[in-house]
Amino acid sequence: MIRLAPICIAATLLTVPAALATTYKTDQGHTEVQFSWSHAGVSTQSGEFTVVDGTLDIDPENVESAKLNVTVKTDSIATGFKPLDDHLSSSDFLEVETYPEITFVSTGVEKTGDDTANVTGDLTIQGTTKPVTLDTKLTHIGPHPLGSNIDYYKGDWIAFEASTTIDHMEFGVGPFSTGPIAIRIVTEMKAE
């Protein structure tokens with residue numbers, strides 16, 4: 001992952017023409033939705049969803065007007081241990097056959113620094129929608145560093161990291177509380 005100093009990002013943003021919102025789409029191979037939880041206070045366990053489809057409409061000169069829309073396929077859950085994947089996919093937890101998708105639709109963006117923002121939105125899990133805030137950090141915008149060597153990476157890209165914490169019981173997931181679920185998102189998105 002490329003990390004750019006805020007001053008470099010600011011310089012890049014100044015080169016983008018004014019009032020031109022761009023639509024970016026998630027690159028499946030470089031997008032991860034990771035989650036972790038406490039296993040009865042004994043250890044921290046983690047997994048991820050491997051199929052994520054998202055779009056971001058953003059004008060770098062008016063970040064607050066950005067719109068993010070993400071769909072996660074619940075049957076793409078992967079913890080590295082199939083029996084656990086099967087249990088989390090079952091009616092005891094995610095009920096993936098009944099609820100095949102988790103969605104996030106942004107409702108507002110508050111810029112908090114040169115390369116950071118709080119993205120508020122509606123998270124829907126198992127038909128229950130709750131507001132959440134993603135603490136985001138822009139890690140790249142502009143031509144991809146690999147674009148000069150690999151055709152796939154030609155064009156403009158944006159990348160960011162985001163994190164939040166949710167209470168899975170508020171969404172009706174699981175028969176008992178495992179405590180807060182930490183969510184971390186890492187994504188590279190290509191301009192359409």
For side chain to side chain contact (heavy atoms under 4.5 Å, CB included), just list the numbers for I158 and I58, CA-CA rounded to whole Å, side-chain angles, deciding distance to a tenth of an Å, and then say yes or no. CA-CA 10 Å; I158 194 167; I58 187 169; 4.2 Å; yes
Would you give the length of the straight line joining atom [atom1] of [X] to atom [atom2] of [Y], rounded to the nearest 0.5 angstrom?
X    : Y    : atom1 : atom2 : answer
E170 : S177 : CD    : OG    : 10.0 Å
T120 : L134 : OG1   : CG    : 8.0 Å
T187 : K25  : OG1   : NZ    : 10.5 Å

Considering residues, nucleotides and ligands other than E97, do more than 12 of their heavy atoms fall under 6.0 Å from its CD? no
With a 3.5 Å cut-off and no angle check, do the side chains of [X] and [Y] form a donor-acceptor pair?
X    : Y    : answer
D85  : T79  : yes
Q34  : S36  : no
N118 : T112 : no
E188 : H144 : yes

Spell out, as yes or no, whether a donor-acceptor pair under 3.5 Å connects the side chain of [X] to the backbone of [Y].
X    : Y    : answer
T31  : D27  : yes
H168 : T178 : yes
S38  : T44  : no

Go through T22 and D57 one step at a time and tell me if the side chain to side chain contact (heavy atoms under 4.5 Å, CB included) criterion holds. CA-CA 6 Å; T22 302; D57 295 311; over 6 Å; no
When you check the gap from the basic side-chain N to the acidic O, do K111 and E64 get nearer than 4.0 Å? no
Give a yes or no on whether a salt bridge exists between D122 and K130, defined as a side-chain N under 4.0 angstrom from a carboxylate O. no
Listed by chain and number, what are the side-chain contact (heavy atoms from CB on, under 4.5 Å) partners of F49, not counting sequence neighbours? V33, F35, V72, S76, I77, L94, I102
Tell me, with the steps shown, if Y24 and E192 meet side chain to side chain contact (heavy atoms under 4.5 Å, CB included). CA-CA 6 Å; Y24 295 88; E192 292 190 312; over 6 Å; no
Show which residues join Y152 in its hydrophobic cluster (side-chain heavy-atom contacts under 4.5 Å, direct or indirect), or state none. L146, I150, Y153, W157
Any chance you could lay out the side chain to side chain donor-acceptor pair (under 3.5 Å) test for D86 and S89, step after step, and finish with the verdict? CA-CA 5 Å; D86 292 343; S89 298; 5.6 Å; no
Decide yes or no on side chain to side chain donor-acceptor pair (under 3.5 Å) for S163 and E161, but give the supporting numbers first. CA-CA 7 Å; S163 61; E161 299 175 352; over 6 Å; no
Side chain to side chain contact (heavy atoms under 4.5 Å, CB included) test vs F160 passes for just one of V119, V186, L56, namely L56
